[in-house]
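Order of appearance sets the numbers: ligands from 1, and atoms from 1 within every ligand. As a basis for the values below, the full set of heavy atoms in this structure was taken, side chains included, without hydrogen atoms, waters or symmetry mates.
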Amino acid sequence: MTKVLVATEKPFAKAAVEQIKALVEEAGFEFALLEKYTDKQQLLDAVKDAAALIVRSDKITREVLDAAKELKIVVRAGAGYDNLDLEACTEKGVVAMNTPGQNSNAVAELALGMMVYMARNKFNGTAGTELRGKKLGIHAYGNVGYYVAKIAKGFGMEVYAFDPFVAKEKIVADGVTAVDTIDELYSTCQYVSLHIPANDQTKKSINAELLSKMPAKAVLVNTARKEVIDEESVLGLMAERDDLIYISDIAPDSEGFLNNYIDRVFFTPKKMGAQTAEANINAGVAAAKQIIAYINDGVETFRVNK
Ligand code: 3PG
């Protein structure tokens with residue numbers, strides 16, 4: 001029987017798992033679940049006879065694909081697919097997909113939530129600041145960027161965006177000012193929210209040179225990936241500029257941030273931007289539906305490998 005495995009080190013909400021299971025079984029497939037695994041070997045064992053795989057940020061490496069002899073399709077229930085070895089997927093004839101947009105609102109709500117938390121001095125009771133009237137720059141205007149803009153406008157922020165891959169007209173139609181260059185975005189906005197993927201072009205691209213352009217009391221918000229930050233360079237700037245704040249949903253590799261600038265940084269204990277019941281259901285159900293449509297009818301919408 002065709003086996004669909006959900007393998008999530010960081011588990012989905014219970015309701016999401018139940019809905020995925022129901023869909024998979026209704027389609028006549030077998031459902032299997034591996035959650036909160038602590039050892040790579042558990043994943044290697046579990047994928048052995050799976051024809052389809054649903055994952056989150058779980059690393060689907062060549063080694064995992066080698067072990068998954070029956071695998072036809074892997075769906076990353078989420079947006080960023082930097083955790084999938086696409087080249088190995090293609091070599092092995094495995095279709096790789098993501099589920100764009102399904103968890104974006106959850107990530108956007110967290111970005112704004114963290115901004116409020118820092119603007120209010122981590123809720124320590126002292127007088128903080130408001131978001132209203134402040135300029136927010138959205139670096140990459142995809143699904144998350146869109147929701148961040150929408151919510152930020154509700155707060156009364158002035159929203160700007162830079163995205164060379166999105167038509168200016170689309171950005172402007174959302175009531176957002178589209179800027180032409182990355183420098184313009186950073187030199188205009190006190191707040192910048194990152195929504196770029198982690199790839200060869202973007203890794204370590206957020207550095208002191210760029211952030212030094214930001215106006216006074218600059219706040220960098222990262223709900224994207226830690227790999228896009230040049231940590232040593234940013235730490236150097238934090239030493240020079242005592243007004244620079246860094247907030248992230250992904251704790252950095254360097255301990256220098258927390259050790260030296262505890263009042264100017266905030267990191268969630270575990271990446272949790274997409275960790276809501278709604279986002280888990282949306283992304284998990286979309287992944288299950290994409291698998292069923294691919295296996296039954298060869299539908300390849302949202303395929304990300306060639
Ligand atoms: C994504 O790329 O969709 C987000 O980073 C969410 O990742 P997660 O599923 O590991 O929470």
Q. For E63 and K40, what are the C-alpha separation, side-chain angles and deciding distance, and is it a salt bridge (Lys or Arg N to Asp or Glu O under 4.0 Å)?
A. CA-CA 10 Å; E63 188 186 5; K40 188 174 61 183; 2.8 Å; yes
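- Residue N103 has at least one heavy-atom neighbour below 4.0 Å for each of these atoms of ligand 1: 1 (C), 3 (O), 6 (C).
- Taking a 6.0 Å sphere around NZ of K150, one finds it holds 12 or fewer heavy atoms contributed by other residues, nucleotides or ligands.
- Below 3.5 Å of separation, one finds no N or O of G78 facing any N or O of ligand 1.
- Looking at atom 10 (O) of ligand 1, its nearest protein heavy atom turns out to be S57 OG, 2.5 Å.
- Of all atoms in ligand 1, numbered sequentially from 1 with element shown, those under 4.0 Å from a heavy atom of R225 are 1 (C), 2 (O), 5 (O).
- No more than 12 heavy atoms of other residues, nucleotides or ligands sit less than 6.0 Å from atom OH of Y81.
- In terms of polar-atom proximity, A274 is not counted as a contact of ligand 1, lacking any N or O under 3.5 Å from an N or O of the ligand.
- Side-chain N/O atoms of D249 and T223 include no donor and acceptor closer than 3.5 Å.
- Relative orientation of the F257 and Y246 rings is tilted, given thresholds of 30° and 60° on the angle between their planes.
- Remark: minimum distance from atom 3 (O) of ligand 1 to any protein heavy atom is reached at A79 N, 2.6 Å.
- Atoms CZ and CG, from F162 and L185 in turn, are 8.0 Å apart once rounded to the nearest 0.5 Å.
- In this structure, of K271, K10, Q102, the residue bringing a heavy atom nearest to atom 5 (O) of ligand 1 is K271.
- Within the structure, the closest approach of R76 to ligand 1 falls below 4.0 Å when heavy atoms are considered.
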